[in-house]
Amino acid sequence: MKSVRILLVDDQQMIRTGFRLILEAEPGITIVGEAPDGALAVEQTFALRPDVVLMDVRMPGMDGVEATRRIVESGSTSRVIMLTTFDLDRHILDALRVGASGFLVKDGPAESLVEAVRSVAAGDAILSPRVTRRLLERFARLSRPDAALVPTRLAHLTTREVDVLRALSRGLSNEEIGRELNVSRSTVKTHITHILEKCHLRDRVHAVILAYDAGLVTPSATPMPRTDNHARG
């Protein structure tokens, strides 16, 4: 099992201690550092190079969104999981837009924390289709980027890749996309890989955000997915 190195970032010492106790009890997980604010989180990320940063979204001084933006724009390979008290925190979409790989509610079950850390360290995103839909339904029309810039990011996609992106944005799993488009699951995964590469996206969560920004899917047209598995395909 690959060892996972974690940086804990939260302005509350008790929260950091609780997460440390949960995670250090798991084999193959090491806490390499802690930070009480975003500025120190950025410094620690550059110095320690953790696999995953557990980042509180709301902190005094530099908040988790700005810290995540700086980490991602630096080209760091560390991946960020945002921590929030509310599952529809307005700042979560901002964090996802700047490169976070998903989010967790602080009072969620311990097993969800452990699974999320391992999934993100392995390169997956941790928004379930159902949570993705709920989040984007509420925030899709808020603070969108310049709409004129979005189509250029989709210009190199084939017609089939656009179909896959549209289906992905509706919260469908790879298996469900394959059934809808009459292709194999492995073919769907290949299309998603091409979409991420061509659009310069970190993971499928950001593909969904791009699709909403581009108007490929609207919240009112998005059916509730039948599954609630992690968005890892």
Side-chain angles (χ1 to χ4, degrees), residues 1-2 51-52 72 77 79-82 87 92-93 95-104 112 115-141 144-145 147-233:
M1 180 183 297
K2 179 182 180 295
D51 298 303
V52 177
V72 172
T77 59
R79 295 169 67 85
V80 179
I81 299 174
M82 301 306 300
D87 66 351
I92 289 298
L93 184 60
L96 294 175
R97 287 194 189 284
V98 299
S101 293
F103 77 94
L104 291 171
S112 295
E115 183 180 358
V117 163
R118 294 196 189 282
S119 295
V120 166
D124 297 320
I126 59 166
L127 283 182
S128 70
R130 186 180 303 273
V131 171
T132 300
R133 174 180 181 269
R134 288 174 57 210
L135 183 71
L136 294 178
E137 265 197 335
R138 183 162 177 178
F139 298 136
R141 295 185 176 89
R144 282 187 169 185
L149 300 179
V150 173
T152 63
R153 300 185 66 186
L154 304 179
H156 299 295
L157 298 184
T158 65
T159 300
R160 179 51 56 126
E161 287 165 354
V162 171
D163 290 340
V164 170
L165 178 57
R166 185 178 287 110
L168 177 66
S169 306
R170 289 164 44 215
L172 301 184
S173 67
N174 285 2
E175 183 177 356
E176 290 169 328
I177 294 172
R179 287 200 300 267
E180 181 169 292
L181 300 180
N182 197 28
V183 296
S184 69
R185 187 173 183 271
S186 62
T187 297
V188 173
K189 293 186 73 172
T190 298
H191 284 314
I192 292 175
T193 297
H194 291 164
I195 291 167
L196 299 183
E197 291 175 348
K198 290 180 178 181
C199 296
H200 307 291
L201 301 166
R202 286 170 69 88
D203 51 48
R204 54 196 288 157
V205 170
H206 300 101
V208 172
I209 292 174
L210 177 61
Y212 271 79
D213 287 337
L216 292 181
V217 181
T218 59
S220 60
T222 308
M224 180 68 76
R226 294 186 295 277
T227 61
D228 199 22
N229 297 322
H230 287 303
R232 56 187 299 176

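Quantities reported herein were computed from a predicted structural model and do not represent experimental measurements.
Here the shortest heavy-atom pairing between V117 and V52 reads O-CG2, 3.8 Å. Across all non-hydrogen atoms, the minimal contact from L201 to A207 is CD1-CA, 3.6 Å. For the pair D51 and A121, the tightest heavy-atom approach, listed with the atom from each and the gap, is CB-CB, 4.5 Å.
Partners of L181 under the side-chain contact (heavy atoms from CB on, under 4.5 Å) rule, at least two apart in sequence or in another chain, are R160, D163, V164, I177, V183. Judged as a side chain to side chain donor-acceptor pair (under 3.5 Å), and not counting sequence neighbours, the contacts of S184 are S186, T187. Remark: T190 engages H194 in a side-chain contact (heavy atoms from CB on, under 4.5 Å) (not counting sequence neighbours).
The shortest side-chain heavy-atom distance between E197 and T193 falls under the 4.5 Å cut-off. Using a 4.5 Å cut-off on side-chain heavy atoms (C-beta onward), L168 and V188 make no contact. Using a 4.5 Å heavy-atom cutoff, the side chains of R179 and E175 are in contact.
Rounded to the nearest 0.5 angstrom, E161 CD and L154 CG are separated by 10.5 Å. Expressed to the nearest 0.5 Å, how far OG of S112 lies from CG of L104 amounts to 7.5 Å. Note that CG of L210 is 9.5 Å distant from CZ of R97, once rounded to the nearest 0.5 Å.
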Before you tell me yes or no, could you show the steps for T158 and K198 under side chain to side chain contact (heavy atoms under 4.5 Å, CB included), namely the whole-Å CA-CA distance, both residues' side-chain angles and the distance that decides it to 0.1 Å?
CA-CA 10 Å; T158 65; K198 290 180 178 181; 4.0 Å; yes
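Judged by distance alone, the side chain of R79 and the main-chain N or O of S101 form no donor-acceptor pair under 3.5 Å.
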